[in-house]
Amino acid sequence: MKFTAAITLLLATAAPAIAQDATLYRGGPIITMDGDTPQTVEAVVTRGDRITFAGPEKQARKAAGNDAAIHDLKGATLLPGFIDAHSHFTVATMSARGLDLRAGRPVTDIAGVSATIRDHLAHTPAVPGRWTTVWQFDHETLAEKRYITRAELDAVAPDRPLVILHVSLHGAVANSAALRAAGIDESTPVPPGGMILRDDAGRLNGVLLEKAMFLMLAKMPQPTAEQKLAALDAAQNAYFAEGYTHAQDGATLPPDVAFLTSPAARDRLKIDLALLPFSTGLDGLLANPDLEFGSYQGHIKLQGIKFVLDGSVQARTGFFTRDYKRGSPEGHHPWHGAPVLSEEEFIAQARKVHDRGWQLFVHANGDAAIDMAIRGFDALGIKAADDRRPIVIHSQFQRRDQLAAYKRIGVGPAYFSNHTWYWADVHRTNFPADVVDFISPFRSARAAGLTPSNHSDYSVTPLDTRFMLWTSMARVSPTRVVSGPEERLSAYEALQALTTGPAWQAFEEERKGRIKPGLLADFVILDRNPLTTPVDGIKDIKVRETIKEGRSVWRAQP
């Protein structure tokens with residue numbers, strides 16, 4: 001028996017490993033993103049899910065072997081797959097089941113919103129128990145500059161529960177049928193960190209902001225597991241179509257944590273998906289010994305815990321040290337916003353997360369909320385040398401003095417350059433020009449030694465990677481006002497914020513974000529080279545193909 005076992009072991013160790021098929025990429029610019037200055041190579045070789053060679057084509061052909069498949073780029077540009085630094089993947093699985101106000105002709109006033117909803121309802125059969133959800137409502141784009149009201153929604157849908165979600169995902173408007181179904185009435189107490197708005201007569205006007213919105217969301221009918229599974233393919237394909245090979249769900253609620261970590265969902269996913277469970281479900285997560293953070297189960301990884309310290313600046317619920325010129329969402333003065341979570345509660349909960357060794361993700365838009373985050377990290381004793389990499393999502397209205405604190409603590413700022421296009425003009429109605437010009441201060445952050453990323457916050461803004469590149473390079477609004485020209489990024493720096501920056505923030509810099517031997521064969525192929533495309537042409541670049549771990553997962557139609 002011992003002799004047989006020894007022979008078996010000898011044969012096993014002597015037998016050559018089964019060779020994996022090689023693919024050779026050549027025929028166009030290949031930008032490796034490896035280093036702080038642009039580096040290109042002639043060719044790349046992959047075997048299985050990994051990159052095995054990047055360099056001169058002659059050597060690549062030798063490394064690939066005679067039987068390698070040749071992927072001729074035909075002049076297109078190969079880059080590492082884009083990494084989503086912050087978005088809401090679960091929204092992509094839900095938004096198809098409602099009305100998207102951005103999808104049709106532009107809506108410019110309350111009457112237009114009402115007409116669009118009325119037309120949608122006319123073509124949607126009423127089903128008992130089914131609610132209608134309307135997405136992408138932005139009151140700042142309307143002539144009236146206000147929220148639609150409960151009474152106006154009742155005129156459109158007197159009997160069917162109807163909820164309109166604000167584009168920021170920090171508020172909602174409900175009609176009377178939805179309020180009744182959710183058990184919300186005049187006597188409902190306002191939850192801490194929430195706002196329930198009223199009309200001039202003191203009646204509920206249907207607007208629920210911040211934590212008050214969850215009173216409604218908790219009572220809305222949820223899709224079945226089968227419906228969620230059916231939506232996964234479309235959701236991940238939407239990310240693949242933008243060149244993403246890694247997505248994030250930036251505030252995962254307990255039912256979605258359970259669903260997305262289930263074997264059925266893991267078997268369906270091809271994209272790497274990082275989950276940030278919402279802090280409201282923290283006690284349940286801490287009590288579950290089976291949950292493992294920081295490592296993949298299939299393509300799913302529990303990345304860290306998400307805390308929300310303030311709201312949305314365009315909704316005037318962000319928390320600042322200065323007042324909004326236009327006052328509160330109801331028009332009250334003075335108003336500088338309010339925290340969604342008390343500082344004491346944040347520190348107490350964050351300590352539980354930190355002590356467990358899980359990564360901290362904190363939503364903070366206004367500078368007062370960012371101060372809260374910094375004080376919280378300091379209370380936990382976090383220092384850059386610890387390499388804990390707490391992430392402050394948005395860090396939108398950061399002050400210059402806060403950059404040094406980020407460096408001391410080791411914070412990764414997840415910036416949001418699309419704000420310079422979508423809402424900079426709105427922000428200028430509330431804050432001085434010098435404050436707005438420091439939105440998402442990419443270059444100042446880089447100069448301070450930080451590693452920033454850029455994100456779409458989908459569905460807050462569209463899932464468009466080239467538009468994100470452009471907004472970080474142009475920083476211009478629809479009225480052609482440039483917000484902080486000195487904070488504009490070069491094309492290479494803009495690409496870093498979609499590759500190496502978010503890879504570092506997710507502790508994945510040795511797996512993805514660069515084209516380098518040993519890293520995953522995650523690529524995006526663009527029809528033009530961003531490094532040689534004029535700034536105004538950046539947003540018109542097209543994705544030709546997305547490759548995940550050596551396999552083509554999305555290809556543009558010819």
Side-chain angles (χ1 to χ4, degrees), residues 85-86 193 248 250-251 274-283 285-286 293-294 302-311 313 318-321 337-416 438 440-442 444-455 501-509:
H86 178 69
Q248 186 189 101
L275 307 184
L276 307 186
F278 207 35
S279 63
T280 52
L282 180 58
D283 289 341
L285 294 168
L286 291 169
F293 277 70
L302 290 166
Q303 184 73 48
I305 299 296
K306 165 75 172 292
F307 292 87
V308 175
L309 298 189
D310 71 344
V313 181
F319 183 34
F320 284 81
T321 58
V340 170
L341 196 65
S342 74
E343 188 166 330
E344 293 74 20
E345 187 178 3
F346 165 55
I347 293 173
Q349 292 186 5
R351 190 178 301 280
K352 296 177 183 178
V353 174
H354 183 69
D355 289 348
R356 186 63 70 91
W358 299 347
Q359 192 176 8
L360 291 163
F361 288 78
V362 179
H363 163 114
N365 267 313
D367 68 323
I370 295 171
D371 281 338
M372 277 182 61
I374 291 170
R375 289 194 296 268
F377 298 148
D378 281 341
L380 300 180
I382 302 175
K383 296 179 176 59
D386 302 331
D387 199 30
R388 297 299 294 266
R389 305 185 196 181
I391 307 301
V392 180
I393 299 168
H394 308 320
S395 294
Q396 193 75 305
F397 281 82
Q398 193 170 22
R399 301 189 310 267
R400 290 185 184 276
D401 64 284
Q402 292 170 330
L403 293 172
Y406 275 26
K407 176 64 175 175
R408 169 173 51 78
I409 296 166
V411 171
Y415 290 136
F416 190 5
F438 208 60
S440 295
F442 282 98
S444 292
R446 290 170 59 90
L450 304 179
T451 304
S453 64
N454 195 10
H455 64 262
W504 179 87
Q505 291 183 359
F507 288 92
E508 296 213 41
E509 67 269 29

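Residues L450 and V411 fail the side-chain proximity criterion, which asks for heavy atoms closer than 4.5 Å. Counting heavy atoms from C-beta on, the side chains of L276 and I393 come closer than 4.5 Å. Between F319 and D371, the closest side-chain pair of non-hydrogen atoms is not below 4.5 Å. In this structure, R388 and L360 have side chains that are not in contact, with every pair of non-hydrogen atoms separated by 4.5 Å or more. Side-chain contact check for P441 versus Y415: some heavy-atom pair is nearer than 4.5 Å. Looking only at side-chain heavy atoms (C-beta outward), I370 and F397 stay at 4.5 Å or farther from each other. For the pair V362 and P390, the minimum side-chain heavy-atom distance is 4.5 Å or more. The shortest side-chain heavy-atom distance between R408 and D378 falls under the 4.5 Å cut-off.
Listed by chain and residue number, nothing satisfies the ring pair (Phe, Tyr, Trp, His ring centres under 6.0 Å) test with F438 (two or more places apart in sequence, or in another chain). The ring pair (Phe, Tyr, Trp, His ring centres under 6.0 Å) check on F416 picks up H394, H419, H455, with sequence neighbours excluded. Scanning for ring pair (Phe, Tyr, Trp, His ring centres under 6.0 Å) contacts around Y406 gives an empty result, with sequence neighbours left out.
K306 places a side-chain N or O within donor-acceptor distance of the main-chain N or O of G250, the cut-off being under 3.5 Å. When atom types are taken as modelled, the side chain of D367 and the backbone of T321 share a donor-acceptor pair closer than 3.5 angstrom. In this structure, D386 contributes its side chain and K383 its backbone to a donor-acceptor pair below 3.5 Å. S279 contributes no side-chain N or O that, together with a main-chain N or O of L282, makes up a donor-acceptor pair within less than 3.5 Å. Listed for the Q359 side chain is a donor-acceptor partner under 3.5 Å among the backbone atoms of R389. At least one donor-acceptor pair closer than 3.5 Å links the side chain of Q248 to the backbone N or O of A85. Side-chain atoms of N365 do not come within 3.5 Å of backbone N or O of G318 as any donor-acceptor pair. Of the possible polar contacts, one joining the Q505 side chain to the T451 backbone as a donor-acceptor pair under 3.5 Å is found.
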